[in-house]
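What follows is one structure encoded as structure tokens, with my remarks underneath.
Everything numeric in this text was worked out from a predicted model, so none of it was measured. Residue numbers run from 1 in the order of the sequence given.
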Amino acid sequence: MKKNDDKSNIVSTLFSAMGTYIKQKYPFLILFFTGLLLVSALNFVKISTVQSVANFQIEDFEIDQISDRTIIADRNLAPDDVNPLAIVKGEKIIKKGFPITEEAYSKLKKMAASPLYIDYRAFANNELYLVLLAIMWYLLFSFIPFGRKIQVKEPLLHVILFIIEYSVTAFCAKFSFFSDPYRICIVIPTAISIMLVTVLFGNISAVLLSVILSLGVLNAANWQLSTFLFTLSVSLCSSAIVRKIERRLDLVVAGLLVALFEVVFILLLHVIFNETFTELLPLILGIVINGFISGILTLGLLTPLEIIMNTASVFRLMDLSDNNVPIFKQMQIQANGTYNHSMMVAQLAESACREIGANSILARVGGYYHDIGKIDQSEYFVENQQNMENKHSDLNPTLSASVIKSHVKKGVEKAHQLRLPQAVIDIIAEHHGNSVITYFYNAAKEKDPSLTPEDFAYPGNPPKSRESGVVMLADTVEAACHTLDNPTSQRLEKFISTLINAKMDTGQLDNSELTFKDIAKIKESFVNLLTGYYHNRIKYQNQVDPDEKDKEKDKADNNE
């Protein structure tokens, strides 16, 4: 009885886990099946328009060749003007171990050429391959550590690009000119696909797509190994070239570099497979045009894709880092202290991310925008209260905490209005995590001991990316260091260590994927930057302290 209960619990747990997984991943699963169905339709059209029998091209059979298989007709085919032979369903066309006669070969040609005959064996073999490829794609997308949250639009673009590349390869290969495994490389849009994905989603995503596209091309190009190797080489090369560029016009240069490497790969493949070098010049010209046009088309398609998909591409982030945009001008006027604070946070975060190998441009932009929610009620934040009365003096601590907490929600709302990329919105939402507003909590606790820390906690979630975690630390450190007297390098180091350790102790960095090694580098970067910011200057011999000068003037006036 106990064993049955244990089995029942295991089955129940298994189904519960599957249900939870499907609930969380259903958009990806829907995309997975939809993409597979579309590629399967392409596969069916490809097989139904190719001259093959039993998964063999008609060219694989010859008259008087000893057959290594038995092929039986699966339908009746009536005589026609092209081939007057009749084929009866169930008839043995060729028999294993026997030579192929001229009549049998004619019947094989008739079967292969007939639009009524579909080589279901070839379709099934291709379909199994595509299913395995789709499963591999899904598993890789699910388990590769991208270091960020994956949104559906990223695999959606993968699927679209795969379908385009598979279609172009499969149907261009039917033309006699592109039937050659090298000439087909002229029309395969590999470089443009990989360059787009690299810029929009990063190098890891592009490398994953490189593998999937190359394996798809292997099937679409009728298992030509040279075509597969060329596609894989060009894909990885395109990703490596594009990943470091920061200006849009550099894509034109990238296209020329890709064209150059494509020529090198074609030459190497000709040598490896002992191909002749006749008619190599037209092939090289076509390959060069392919690479160059890929760079031009990437440049043209990138802007609309950035707008449609709202991604944190390097070019989009560079545009957002322009301090002359209206939101920053508004911040300078209405919340000048917050503006200066944000500029310093961005500098700290960028420097630290560069040290740990994270996305420094994303961290800089996140630093710029992390406090845009303070603009509307800027007078309630201490950095904007120079020469004015503290607004919180007339408020109870609970209400003050509510005002302070609201800037996160308002910041996210403004970010959506500005159509900022989700990665930047996440930084805005997470830069305080769910930490407690200690100052007002302690003040309120004195009046009402029943209050809990949760009542004074920010409503956000702790950072889920390295960049978001770094911005949180930069925000904390920059704000707190203004309160430090005599900020020498040693005092800054101890103070920053205390601040960072406090964030770690409260679990704010648990989900950020920051390691202890990263934390050490971040701390060192902060200390170096802030030491330079707060460094002492030499006092000139004739320099007079304004306060001392006013005192001397008042003293002289009194003596008179």
Applying side-chain contact (heavy atoms from CB on, under 4.5 Å), name anything that partners [X], two or more places apart in sequence or on another chain.
X      : value
Leu285 : Ile289
Thr303 : Arg248, Glu306, Ile307
Phe265 : Phe230, Ser233, Val234, Cys237, Phe261
Leu156 : Leu31, Ile160

Using every non-hydrogen atom in the two residues, find where [X] and [Y] come nearest and quote the distance to one decimal.
X      : Y      : answer
Ala415 : Ile425 : CB-CG1, 3.7 Å
Val408 : Ala429 : CG1-O, 3.8 Å
Ile30  : Thr34  : O-OG1, 2.7 Å
Phe32  : Ile135 : CE1-N, 3.8 Å
Gly366 : Val424 : CA-CG1, 4.5 Å
Ser321 : Tyr368 : O-CE1, 3.6 Å

Please round to the nearest 0.5 Å and tell me the distance separating atom [atom1] of [X] and atom [atom2] of [Y].
X      : Y      : atom1 : atom2 : value
Trp137 : Leu139 : CH2   : CG    : 10.5 Å
Glu493 : Thr488 : CD    : OG1   : 10.0 Å
Ile361 : Glu467 : CD1   : CD    : 11.0 Å
Thr531 : Leu492 : OG1   : CG    : 5.0 Å
Gln347 : Phe526 : CD    : CZ    : 11.5 Å
Asn290 : Glu262 : CG    : CD    : 4.5 Å

Ignoring hydrogens and geometry, is there a side-chain-to-backbone donor-acceptor pair from [X] to [Y] under 3.5 Å?
X      : Y      : answer
Asn501 : Ser497 : yes
Ser525 : Ile522 : no
Ser468 : Ser465 : no
Ser167 : Ile163 : yes
Ser351 : Leu348 : no
Lys464 : Asn511 : no
Asn359 : Leu362 : yes

Quick one: sort the [X] and [Y] rings into parallel, tilted or perpendicular, breaks at 30° and 60°.
X      : Y      : answer
His370 : His431 : perpendicular
His407 : Tyr458 : perpendicular
Tyr166 : Phe162 : parallel

Run the side-chain donor-acceptor check on residues 185-201: report pairs under 3.5 Å with partners two or more places apart or on a different chain.
unit_1, atom_1, unit_2, atom_2, d
Thr190, OG1, Glu165, OE2, 2.7
Ser193, OG, Pro189, O, 2.9
Thr198, OG1, Ile194, O, 2.7

Is it true that the side chains of [X] and [Y] contain a donor and an acceptor less than 3.5 Å apart?
X      : Y      : answer
Thr476 : His432 : no
Asn336 : Asn340 : yes
Asn203 : Ser239 : yes
Asp518 : Thr515 : yes

request  = Under the ring-ring contact (aromatic ring centres under 6.0 Å, His included) rule, what do Tyr138 and Phe33 come out as? Steps first, then yes or no, please.
outcome  = CA-CA 10 Å; Tyr138 179 78; Phe33 285 114; 8.8 Å; no

Is any side-chain heavy atom of [X] less than 4.5 Å from a side-chain heavy atom of [Y]?
X      : Y      : result
Phe328 : Ile333 : no
Tyr369 : Lys414 : no
Pro462 : Gln508 : yes
Val242 : Val258 : no
Phe495 : Val477 : no
Leu420 : Ile428 : yes

task = Just jot down the ring pair (Phe, Tyr, Trp, His ring centres under 6.0 Å) partners of Phe440, sequence neighbours excluded, or say none.
result =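 Phe440 satisfies ring pair (Phe, Tyr, Trp, His ring centres under 6.0 Å) with His392 only.
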
key: Chi angles and distances behind the side-chain contact (heavy atoms from CB on, under 4.5 Å) call for Thr311, Gln151   = CA-CA 10 Å; Thr311 60; Gln151 295 179 288; over 6 Å; no

Could you work out, with salt bridge (Lys or Arg N to Asp or Glu O under 4.0 Å) as the rule, every residue matching [X], not counting sequence neighbours?
X      : value
Glu355 : none
Arg364 : Glu350
Lys523 : none
Glu430 : none

message = Do the side chains of Arg316 and Asp319 get close enough for a salt bridge, i.e. N-O under 4.0 angstrom?
response =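 No.
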
task = Carefully, step by step, assess Val470 and Ile356 under the rule side-chain contact (heavy atoms from CB on, under 4.5 Å).
result = CA-CA 10 Å; Val470 170; Ile356 66 174; 4.0 Å; yes

task = Apply side-chain hydrogen bond (donor to acceptor under 3.5 Å, both in side chains) to Gln334 and list each qualifying residue two or more places apart in sequence or on a separate chain.
result =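 Residues passing side-chain hydrogen bond (donor to acceptor under 3.5 Å, both in side chains) with Gln334: Gln330.
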
inquiry  = Are there over 12 heavy-atom neighbours, none belonging to Lys405, within less than 6.0 Å of that residue's NZ?
reply    =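 Atom NZ in Lys405 is crowded, with more than 12 foreign heavy atoms closer than 6.0 Å.
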
request  = Kindly determine whether Asp475 and Asp371 satisfy side-chain contact (heavy atoms from CB on, under 4.5 Å), including the steps that lead there.
outcome  = CA-CA 10 Å; Asp475 179 46; Asp371 269 346; 4.2 Å; yes

task = Decide yes or no on side-chain contact (heavy atoms from CB on, under 4.5 Å) for Lys410 and Gln377, but give the supporting numbers first.
result = CA-CA 10 Å; Lys410 290 180 178 179; Gln377 292 180 303; 2.8 Å; yes

Table please: side-chain donor-acceptor pairs of residues 208-215 below 3.5 Å, with sequence neighbours left out.
unit_1, atom_1, unit_2, atom_2, d
Ser210, OG, Ala206, O, 2.8
Ser214, OG, Ser210, O, 2.7
Ser214, OG, Leu232, N, 3.2

